Amino acid sequence: MGAQLIRADEARTPRPIWCVTPQNWREVASGLPAPALAFGEATGFKAEAGSLLVLPAADGAIAGVLFGCDGAPRDPFSFGKLATALPAGDYVIAHAPVDPRLAALGFLLGGYRFTRYGKRAGADVRLVVPEGTDETYLRRTAEAVTLTRDLVNTPANDLGPAEIEAAVRTLASRFGGQVKVTTGDDLLAANFPLVHAVGRASPRAPRLIDLSWGEPSAPKVTLVGKGVAFDTGGLDIKPSSGMLLMKKDMGGAANAIGLAQMIMARGLKLRLRLIVAAVENAIDGSAFRPGDVFPSRKGLTVEIGNTDAEGRLILADALSLADEEAPELLIDFATLTGAARVALGPQLPPAYTDDEPLAADLARHGAAEADPSWRMPLWQPYASMLDSKIADLNNAPGSGFAGSITAALFLQRFVSRAGAWLHLDIFAWNPSSRPGRPEGGEAQTIRALDALLAERYG
């Protein structure tokens with residue numbers, strides 16, 4: 001079962017957890033039985049950040065737990081460590097100088113395990129929902145993050161374009177949405193030439209997945225996700241080391257799907273549209289080539305500078321479709337560029353928008369939800385890097401500079417009618433485990449956006 005939340009009336013003699021500092025741990029734990037306090041002294045417990053000490057009771061049970069915070073903790077998700085470090089049993093947070101909501105969420109997310117292929121969940125550690133905390137929020141959020149992580153963690157042999165479609169259909173069935181899917185050569189007839197070009201070399205047909213939910217008259221919010229189930233790089237093939245994590249190249253779609261679930265579960269007063277371009281960038285005789293020129297749905301022609309810059313191509317058609325109905329808010333998620341990781345690393349996704357209130361709201365909610373992003377500039381002087389000598393645009397500037405910015409500028413060419421547009425160049429992966437964030441697939445920015453949308457459309 002692993003980490004779980006329980007109500008106070010379900011707990012079996014819950015053991016207290018004190019989040020303590022080197023200066024206050026003796027004072028905070030002063031109500032403990034003398035033997036337990038003496039045990040803490042004898043072990044030399046210093047309450048350093050992340051340190052953990054289980055205090056024994058005289059009968060051999062657990063008297064309580066000291067958890068080091070080392071002053072004001074920098075990350076409320078530090079409580080995620082408790083999900084895997086504590087012995088099985090029931091616990092309650094007795095003292096914590098952090099937002100108890102995020103502490104409980106960190107605990108839940110820290111207990112995540114990807115178990116599809118036999119990996120077992122950890123010990124049964126149950127935490128009492130902190131008093132005054134919205135239990136529904138915690139469970140709803142953990143469910144969406146778990147869905148997102150599971151999708152990203154599933155290898156490409158079991159998660160291709162059809163399986164991404166199935167995940168969207170499952171959401172639609174659960175919440176009463178409608179789904180339209182355009183597949184294979186029908187993409188050409190429906191005017192999605194770039195989605196078709198990228199996915200045509202795979203035996204697993206490319207597709208454009210389009211879910212709608214909510215009252216048609218409500219404000220329109222549209223999510224777009226890059227769903228490259230696996231990316232070989234195409235004819236500009238990646239080295240083997242570059243392919244090891246390419247099952248996660250559908251992380252943008254996974255995050256868009258996760259946020260869509262959060263929106264529908266909340267029942268927000270908006271008309272939601274979720275558009276996912278799902279392809280596999282494979283290699284055979286029909287693979288698109290460097291130097292090819294394709295039309296796009298918007299009418300702009302695109303010269304292929306590099307077949308490994310395929311994500312922006314499928315997003316171009318998907319964003320054009322989304323933009324046609326002029327949504328109030330258009331958000332796209334994509335594991336788009338290595339340049340974003342060079343600039344900001346795996347934990348801090350770049351965010352691009354020209355809408356100042358949207359940028360401010362995203363930053364505010366990102367800080368409040370411990371779900372950060374960092375605004376980067378849509379620097380128009382770099383747009384000339386996208387110039388082609390024979391087409392309207394080149395998908396892969398050869399300069400090597402400002403790769404995340406030029407990718408965002410490329411996408412911006414396909415958005416003109418939306419009230420506000422936000423592009424998120426996410427990594428969707430934890431390279432190593434941190435408290436609350438196990439190694440593997442990750443949900444990035446969707447908790448902040450869930451809070452932002454609830455504020456606007458709740």
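Keep in mind that what you see is a predicted model, and the values were worked out from it rather than measured.
- When all heavy atoms of V125 and A83 are compared, the pair lying nearest together is CG2-O, 3.9 Å.
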Practice item. Go through K180 and S212 one step at a time and tell me if the side chain to side chain donor-acceptor pair (under 3.5 Å) criterion holds. Key: CA-CA 9 Å; K180 177 183 178 182; S212 58; over 6 Å; no

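- Looking at every heavy atom in both residues, V98 comes nearest to P76 through CB-CB, 4.4 Å.
- Salt-bridge annotation for R116 and D158: present, with a side-chain N of the basic residue lying under 4.0 Å from a carboxylate O of the acidic one.
- Inspection of the S416 and D323 side chains reveals an N or O donor paired with an N or O acceptor under 3.5 Å.
- Just one residue in the list R204, R200, K247 forms a salt bridge (Lys or Arg N to Asp or Glu O under 4.0 Å) with E280, and that residue is R204.
- Listed for the D371 side chain is a donor-acceptor partner under 3.5 Å among the backbone atoms of A448.
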Point to revise | Intermediate values then yes/no, side chain to side chain donor-acceptor pair (under 3.5 Å), T232 and N281 | key: CA-CA 6 Å; T232 64; N281 188 18; 4.8 Å; no

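- In this structure, the side chain of T133 does not engage the main chain of E135 through any donor-acceptor pair within 3.5 Å.
- Interatomic distance, CG of N255 versus CG of D332, reported as 11.5 Å (0.5 Å rounding).
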Exercise for review: Give the intermediate values and the outcome of salt bridge (Lys or Arg N to Asp or Glu O under 4.0 Å) for residues R434 and E439.
Suggested key: CA-CA 7 Å; R434 295 177 291 140; E439 180 179 347; over 6 Å; no

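- When all heavy atoms are compared, the tightest approach of A3 to L108 is O-CD2, 4.1 Å.
- You'll find the side chain of L211 stays beyond 4.5 Å of the side chain of Q178, heavy atoms only.
- The cationic atom of K248 (NZ for Lys, CZ for Arg) does not lie both less than 6.0 Å from the six-membered ring centre of F230 and within 45° of the ring axis.
- Y112 carries R149 over the face of its six-membered ring, with the cationic atom under 6.0 Å from the centre and within 45° of the normal.
- With respect to E143 and R139, no salt bridge is recorded, no charged nitrogen being found less than 4.0 Å from a carboxylate O.
- Within the 3.5 Å criterion, the main-chain N or O of F114 finds no donor-acceptor partner in the side chain of N153.
- Listed for the S296 side chain is a donor-acceptor partner under 3.5 Å among the backbone atoms of L300.
- Under the 3.5 Å distance criterion, the side-chain polar atoms of N306 are left unmatched by any main-chain donor or acceptor of P290.
- Using a 4.0 Å cut-off between charged side-chain N and carboxylate O, K238 and D231 make a salt bridge.
- Within the 4.5 Å cutoff, side-chain heavy atoms of V181 are placed close to those of R169.
- Side chains of N395 and E310: no donor on one and acceptor on the other come within 3.5 Å.
- Proximity of a side-chain donor or acceptor of T154 to a complementary backbone N or O of L159 within less than 3.5 Å is not detected.
- In the model, T335 has a side-chain atom that pairs as donor or acceptor with a side-chain atom of D249 under 3.5 Å.
- How far NE2 of H365 is from OG1 of T445: 13.0 Å, rounded to the nearest 0.5 Å.
- Here the closest non-hydrogen pair linking A318 and L208 is CB-CD2, 4.3 Å.
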Can you list, pair by pair, the side-chain donor-acceptor contacts under 3.5 Å of residues 264-278, counting residues two or more places apart and other chains?
{"from": "R266", "atom 1": "NE", "to": "D450", "atom 2": "OD1", "distance (Å)": "2.8"}
{"from": "R266", "atom 1": "NE", "to": "D450", "atom 2": "OD2", "distance (Å)": "3.2"}
{"from": "R266", "atom 1": "NH2", "to": "D450", "atom 2": "OD2", "distance (Å)": "3.0"}
{"from": "R271", "atom 1": "NH2", "to": "E325", "atom 2": "OE1", "distance (Å)": "3.3"}
{"from": "R271", "atom 1": "NH2", "to": "E325", "atom 2": "OE2", "distance (Å)": "2.3"}
{"from": "R273", "atom 1": "NE", "to": "D210", "atom 2": "OD1", "distance (Å)": "3.0"}
{"from": "R273", "atom 1": "NE", "to": "D210", "atom 2": "OD2", "distance (Å)": "3.3"}
{"from": "R273", "atom 1": "NH2", "to": "D210", "atom 2": "OD2", "distance (Å)": "2.6"}

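- The minimum heavy-atom distance linking A359 with T353 is given by the pair CB-CG2, 3.8 Å.
- Separating the CZ atom in F192 from the CG atom in L187 is a distance of 7.0 Å, to the nearest 0.5 Å.
- Salt bridge status for R364 with E455: present, with a side-chain N to carboxylate O gap under 4.0 Å.
- No donor-acceptor pair under 3.5 Å is formed between the side chain of W421 and the backbone N or O of V415.
- For the residue pair E442/N430, the side-chain donor-acceptor check at 3.5 Å is satisfied.
- At least one cation-pi condition fails for R341 and F427: the charged atom is not both under 6.0 angstrom from the six-membered ring centre and inside a 45 degree cone around its axis.
- Separation of atoms OH (Y382) and OG (S384) is listed at 10.0 Å; rounding is to 0.5 Å.
- Residues V279 and G199 come closest through the heavy atom pair CB-CA, 4.0 Å.
- Using the six-membered ring where Trp is involved, Y352 and H423 have ring planes that are parallel, under 30° apart on the 30 and 60° scheme.
- Rounding to the nearest 0.5 angstrom, the gap separating the CG atom in D361 from the CG atom in L452 is 5.0 Å.
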Point to revise | Test side chain to side chain donor-acceptor pair (under 3.5 Å) applied to Q261 and R140, step by step | key: CA-CA 9 Å; Q261 175 169 304; R140 180 180 62 234; over 6 Å; no

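- Summarising the geometry, atom CE belonging to M376 is positioned 9.5 Å from atom CG belonging to L348; distances are rounded to the nearest 0.5 Å.
- Of the possible donor and acceptor atoms, none in the side chain of D236 sits under 3.5 Å from a partner among the backbone N and O of D308.
- One N or O on the side chain of R447 and one on the backbone of E369 form a donor-acceptor pair closer than 3.5 Å.
- Electrostatic pairing of R207 and E165 counts as a salt bridge here, judged by a charged N lying under 4.0 Å from a carboxylate O.
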Practice item. Would you please test D392 and T301 for side chain to side chain donor-acceptor pair (under 3.5 Å) and show each step? Key: CA-CA 5 Å; D392 293 317; T301 55; 3.2 Å; yes

**Study point:** Worked check of ring pair (Phe, Tyr, Trp, His ring centres under 6.0 Å) between F107 and Y91
**Key:** CA-CA 11 Å; F107 167 84; Y91 298 87; 8.3 Å; no

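- The pair K298-D317 does not count as a salt bridge, with every side-chain nitrogen at least 4.0 angstrom from each carboxylate oxygen.
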